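Structure first, then comments.
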Amino acid sequence: MDLSISHLCSVLIILIAGVAHGLEITSQGPTSIEKASSESVKLDCQFSLAPEDSGPLDIEWSLLASDNQKEDKVVILYSGDRAYEDYYPAVKGRAHFNSADPKNGDASINLTGLRSSDTGTYQCKVKKAPGIRSRKMLLTVMVRPSKPRCSADGPTLEGTDVVLRCTSSEGTKPLQYTWEKTSDNKLLPASAVLDPVGGTMNVRNASTSSSGTYRCTAKNHVGMEECILQLGITPPPNTAGIIAGAIIAVLLALIIIAIILFCCCRARNRKKYEKEISYEIREDVPPPKSRVSTARSFTSVGSQRSSLGSMSPSNLHEYALKPQYDKIPSVEEYERPPSHAPLPPPVASKMAGPNLSRMGAIAVMIPAQNRDGSIV
């Protein structure tokens, strides 16, 4: 019981002391601020002192941990009439006191070049014995949308569903997307279905009137960016004409191939015909004299000469009437063409038939011969 009374007394003494001294935080601005990245922000912390506040002045700005298991991070500090601005490495060179002399009642700080990692709850604590006062502010650093990319999915043919897409790769959510037509009558197609969160616009059963220029805008609380899309809806292709053209092209190719093959075959047959004609011409030329036929004529001449040995004067006359084939031709006569062969000399009148018979000649049948000496 005694401990409870003593504890209550201590609390009352602290409250009375807090009322007695005059330290107060006088800032009335918003305690929640939203800023875009790369911008600057002022965290306001104005205070007032009373004559009773005679102790040394200490000002401390800290980034409170989101998890109770972690420690708070001291961002900037003023103590002993000196400012320590490079206390926290994450904001080194970007955190400064708003006033050159915070003792005048301005403990505000400025943060420059904001980053998304600077988001958090900041606490300003002013201490001047015997009083202590603090103020908390929530800072949200938002990334403005990056320039979105506009595109159309699928074939842009008349009668099909065309989906227009708009997407920003960066930006703090929630992002809102809006579509608008900037050409012609500036009215979106009646069949268009918009998705402001996903950034799509579905144009169902698109017609040629849906063609034109469209603009998509992506925005959040700290900025906006836009992109332009040129949409052209074309009529469906004439499939019958395409098929007919393909068939005609195939037929033309086949005709060309047939013409080439016909020309090749004709040239080949002509060459073969000319070759056969040349062979026939060569067959009409008389063959050269063979030594076999010459030797055969020599043999027949020898046999005739042997027969002459047995001739009587009675048949010598008949033999004399025949050409003189018992004479062996010379080499010059053998090689001479048939047209230049000498005619057999006429039979002398002295060699009459009766005279030959008296001499004991015998009639012999001699086979007929051509001019070149071959036997027929």
Side-chain angles (χ1 to χ4, degrees), residues 144-171 173 175-219 223-288:
R144 64 182 301 158
S146 61
K147 187 174 181 62
R149 179 178 178 272
C150 294
S151 61
D153 288 353
T156 56
L157 300 177
E158 186 178 6
T160 61
D161 293 346
V162 180
V163 179
L164 306 184
R165 296 190 180 277
C166 179
T167 307
S168 289
S169 58
E170 297 179 357
K173 298 182 179 180
L175 292 176
Q176 294 291 324
Y177 296 93
T178 57
W179 282 94
E180 58 181 330
K181 191 175 183 181
T182 60
S183 62
D184 300 333
N185 55 8
K186 298 184 179 180
L187 294 177
L188 292 176
S191 61
V193 179
L194 301 176
D195 181 4
V197 177
T200 62
M201 181 175 70
N202 187 3
V203 182
R204 297 177 179 176
N205 194 18
S207 61
T208 54
S209 61
S210 302
S211 301
T213 304
Y214 291 82
R215 177 171 60 199
C216 172
T217 302
K219 62 181 178 180
M224 64 176 59
E225 287 291 342
E226 61 185 27
C227 62
I228 302 297
L229 174 65
Q230 188 69 34
L231 178 64
I233 304 298
T234 57
N238 185 3
T239 55
I242 294 175
I243 294 174
I247 293 174
I248 293 174
V250 172
L251 291 177
L252 289 176
L254 293 176
I255 291 173
I256 293 173
I257 294 173
I259 292 173
I260 294 174
L261 293 176
F262 175 76
C263 294
C264 292
C265 294
R266 187 174 181 182
R268 184 177 178 181
N269 292 335
R270 181 180 298 174
K271 186 175 180 180
K272 183 177 180 181
Y273 176 75
E274 292 176 353
K275 189 174 182 180
E276 291 177 353
I277 291 297
S278 63
Y279 286 162
E280 292 178 359
I281 294 174
R282 292 181 181 178
E283 289 176 357
D284 292 341
V285 177

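Note that this is a predicted model, so its numbers are computed, not measured. As a basis for the values below, the full set of heavy atoms in this structure was taken, side chains included, without hydrogen atoms, waters or symmetry mates.
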Revision key, fill the gap. One should read off an interatomic distance between S168 OG and K173 NZ, to the nearest 0.5 angstrom, of 10.5 Å

Point to revise | Minimal non-hydrogen separation, A152 against L164, with atom names | key: CB-CD2, 3.8 Å

**Study point:** Value rounded to 0.5 Å, distance of SG in C216 from CZ in R165
**Key:** 12.0 Å

Practice item. Look at E180 together with R215 and state whether they make a salt bridge at an N to O cut-off of under 4.0 Å. Key: yes

Exercise for review: Can you see which heavy atom on S207 is nearest to which on S209, and at what distance?
Suggested key: OG-OG, 2.7 Å

Check your understanding: With distance as the sole criterion, is a donor-acceptor pair present between the side chains of T213 and Q230 under 3.5 Å?
Key -> yes

Study note, to complete from the structure: One should read off an interatomic distance between C150 SG and W179 CH2, to the nearest 0.5 angstrom, of 4.0 Å

Point to revise | For the student: nearest non-hydrogen atoms of P145 and M224, plus distance | key: CD-N, 4.2 Å

Study note, to complete from the structure: Between R149 and C227, the two heavy atoms sitting closest are C-SG, 4.0 Å

Review point. Taking all non-hydrogen atoms of both residues, which atom of V162 and which atom of L231 are closest, and how far apart?
Key: CG1-CD1, 4.2 Å

Review point. Under 6.0 Å from the NZ atom of K181, do we count more than 12 heavy atoms belonging to anything else shown?
Key: yes

Point to revise | Shortest non-hydrogen contact between T160 and P155, atoms and distance | key: OG1-O, 3.5 Å

Point to revise | Contact check, side chains of L194 and L188, non-hydrogen atoms, under 4.5 Å | key: yes

Check your understanding: Taking atom CG of N202 and atom CG of D195, what is their separation to the nearest 0.5 Å?
Key -> 10.5 Å

Practice item. To the nearest 0.5 Å, tell me how far C166 SG sits from M201 CE. Key: 10.5 Å

Exercise for review: Measure the shortest side-chain to side-chain distance between V203 and S191 over non-hydrogen atoms and say whether it is less than 4.5 angstrom.
Suggested key: yes

Review point. How far does OG1 of T217 sit from CD of E225, to the nearest 0.5 angstrom?
Key: 9.5 Å

